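Data first, discussion second: the structure below is written as structure tokens.
Count residues from 1 along the sequence. If you're wondering where the values come from, they're calculated on a predicted model, not measured in any experiment.
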Amino acid sequence: INDVGLSVVEGEVTKINESSGSISSVVFSDGLELFCKAAILTCGTFLNGLIHIGEEKIKAGRLDEKRSEGITESLLSFGFSAGRLKTGTPPRIKKSSVDWSVGLAGYGDKKPKALSYRTKKGKKMENLAPLIEDVTINQLNSDPYPIYQRLRSQAPVARIKSVGRTFLTKAEDTKYVKDNPNLFSSDDRNTPMKRAFWAHTLMRKDGSDHMRDRMAMAPAYAPKVIQNDWMPRYEQIAESYVNRLLHGEIVDLFHVLSGTYAARGLAFLLGIEDASDEELIEWSHALINGAGNFGWLPGPFERADRANEAIHHLLDGLQNRYRKHPNNSAFSVMLNADDPIPEKQMYANIKIAIGGGINEPRDALNTTIYGLLSNPDQLEEVKRQEDWVKAFEEGIRWVAPIQVSSRVAKKDSEIRGCLIPKGDTLMTIQASANWDEDLFEDGELFNVYRQTNSHQAFGNGPHFCQGTHVAVSY
């Protein structure tokens with residue numbers, strides 16, 4: 001701001017003065033007067049705000065804030081008119097005092113009316129997906145599967161009010177959206193991912209931009225490289241990490257094996273083995289939590305910033321090593337490519353791999369182990385036939401490591417007779433698609449030997465998981 005000669009003065013304007021039919025100055029609540037030829041009015045909803053609590057009327061704005069006074073009177077003196085905007089807050093009751101099981105869901109209007117004059121004429125508002133108002137973010141965080149089951153049977157295309165997005169819970173629809181990037185873009189600018197990762201990552205790109213970033217790392221994920229370079233390392237890591245477990249005692253596999261094993265294997269694949277397991281796990285958590293920080297709270301972003309700084313410092317120091325001594329690691333192949341992508345995108349690719357390459361294999365491994373230990377008959381059969389890959393595939397179907405992905409409608413379209421307006425954000429729910437009754441009998445059960453297993457845990461379309469072969473081999 002200083003570079004362009006602007007000054008910032010913060011305060012509450014309480015009066016607008018005019019002279020000869022034009023604005024001459026604005027007056028602040030502390031008496032400061034700024035002279036000007038024009039003013040932009042950007043007030044909120046608390047001009048002369050009045051809160052009603054029963055019979056009591058309180059002059060106020062938001063919690064612990066006073067209302068804005070004076071501007072309304074100035075505008076009235078200029079010939080403007082003022083009216084009342086009512087923002088009614090529903091009565092609040094104690095949640096534990098209500099038996100929710102006997103309640104009925106209240107849905108939005110079947111034929112909602114447009115609130116903006118910009119709404120396109122002729123658009124069939126009555127064909128919008130139903131608005132679901134009784135699903136909370138807390139419910140989705142704690143146990144979403146009963147909600148998904150209800151949506152699959154009653155409203156497979158549904159607008160979820162608490163999230164502000166449209167959920168797709170049937171396998172056919174999630175696959176359709178991901179297979180058609182010409183209709184549904186990955187470039188969802190409303191997510192915090194760019195802020196969390198310090199970059200516009202390949203996860204939010206389409207077409208040639210996405211393909212160029214993706215192919216930059218592809219040599220490190222080639223089947224031959226996995227077999228010759230990474231598999232021997234993975235076997236050594238697995239043997240070493242299992243042997244250090246305390247035998248005969250109860251251990252938390254989540255922390256002492258699954259997470260650390262995934263971190264160390266990923267370190268070799270990416271070429272960042274100088275980082276410790278603990279550092280990689282922290283970076284992964286920080287980046288993923290930042291990318292999911294839809295409340296835009298400062299804490300998760302500050303944590304992600306620290307991870308970004310540490311990763312950038314590490315990668316800065318590795319460049320000379322890999323230019324002198326290249327290998328098949330992802331960072332090395334990107335640095336030494338004939339037509340390398342920009343450094344910022346190389347770093348973004350590494351961070352995307354850290355974000356997903358630890359949490360997801362860790363969770364997949366734990367889920368599969370839990371499923372097998374909970375079904376000893378299946379465990380014995382898997383051991384007898386060495387069906388470990390089949391057990392892994394069932395584990396990631398049963399509880400998808402990445403449960404939800406977002407896409408943005410590039411144009412008006414239709415799914416199951418519901419209008420999807422241009423710009424609408426769709427959430428493809430892999431976790432629900434993997435339990436879809438149309439494809440899976442008793443999808444809620446862990447069953448290694450189910451007849452078919454066309455799960456979507458690795459995604460679909462151009463964004464199909466690049467690490468699929470690594471994950472299966474791992």
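In this structure, R306 has no salt bridge (Lys or Arg N to Asp or Glu O under 4.0 Å) partners at least two apart in sequence or on a different chain. R204 pairs by the salt bridge (Lys or Arg N to Asp or Glu O under 4.0 Å) definition with nothing, not counting sequence neighbours.
The one candidate from Q378, R450, H455 that meets the side chain to side chain donor-acceptor pair (under 3.5 Å) condition with E394 is R450. Between F331 and the choices N349, L269, L270, I350, the side chain to side chain contact (heavy atoms under 4.5 Å, CB included) rule is met once, by I350.
The number of heavy-atom neighbours closer than 6.0 Å to NE2 of H325, taken from other residues, nucleotides and ligands shown, is 12 or below. Counting heavy-atom neighbours within 6.0 Å of E239 CD, excluding the residue itself, gives a total of 12 or less. Around atom OH of Y322, more than 12 heavy atoms belonging to other residues, nucleotides or ligands sit under 6.0 Å away. The neighbour count for M427 CE, taken as heavy atoms of other residues, nucleotides or ligands under 6.0 Å away, is above 12. A 6.0 Å sphere centred on NZ of K410 holds more than 12 heavy atoms belonging to other residues, nucleotides or ligands. Atom CD of E172 has 12 or fewer heavy atoms from other residues, nucleotides or ligands within 6.0 Å.
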Walk me through it: do Y347 and W198 pass the test ring-ring contact (aromatic ring centres under 6.0 Å, His included)?
-> CA-CA 10 Å; Y347 285 23; W198 287 8; over 10 Å; no

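Checking R362 against N359 by side-chain atom types alone, a donor-acceptor pair falls below 3.5 Å. Counted by atom type alone, Q345 and D213 present one or more donor-acceptor pairs between their side chains at under 3.5 Å. Side-chain contact annotation: Y241 with D277, donor-acceptor N/O pair under 3.5 Å present. S329 and N327 share a side-chain donor-acceptor pair at under 3.5 Å. Side-chain atoms of D229 and Y234 form no donor-acceptor pair, as typed in the model, at a separation below 3.5 Å. K178 and Q430 form a side-chain donor-acceptor contact under 3.5 Å, judged by distance and modelled atom types alone.
Contact check on D305 versus R195 returns a salt bridge, with a Lys/Arg side-chain nitrogen under 4.0 Å from an Asp/Glu carboxylate oxygen. Under the 4.0 Å criterion applied to side-chain N and carboxylate O atoms, D206 and R407 are not assigned as salt-bridge partners. Checked for salt-bridge contact, D339 and R212 meet the test: a charged N lies under 4.0 Å from a carboxylate O. Between E273 and R264, no side-chain nitrogen of the basic residue sits less than 4.0 Å from a carboxylate oxygen of the acidic one, so the salt-bridge criterion is not met.
Taken to the nearest 0.5 Å, the CD atom of Q403 stands 9.5 Å off from the CG atom of D363. Expressed to the nearest 0.5 Å, how far CG of L202 lies from CG of D209 amounts to 11.0 Å. Considering CE of M334 and CD1 of I341, their distance stands at 5.5 Å, rounded to 0.5 Å. Expressed to the nearest 0.5 Å, how far CH2 of W435 lies from NZ of K170 amounts to 14.5 Å. Here CD1 of I311 is found 8.0 Å from CG of L280. Values are rounded to the nearest 0.5 Å.
Counting heavy atoms from C-beta outward, N289 and N293 have side chains that stay 4.5 Å or more apart. Contact check for L168 versus V157: side-chain heavy atoms found under the 4.5 Å cut-off.
Side-chain atoms of E302 do not come within 3.5 Å of backbone N or O of G299 as any donor-acceptor pair.
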What pairs of donor and acceptor atoms, side-chain ones from residues 351-358 against any protein atom, are under 3.5 angstrom apart with sequence neighbours left out?
from: K351; atom 1: NZ; to: F197; atom 2: O; distance (Å): 2.7
from: K351; atom 1: NZ; to: N308; atom 2: OD1; distance (Å): 2.6
from: K351; atom 1: NZ; to: H312; atom 2: NE2; distance (Å): 2.9

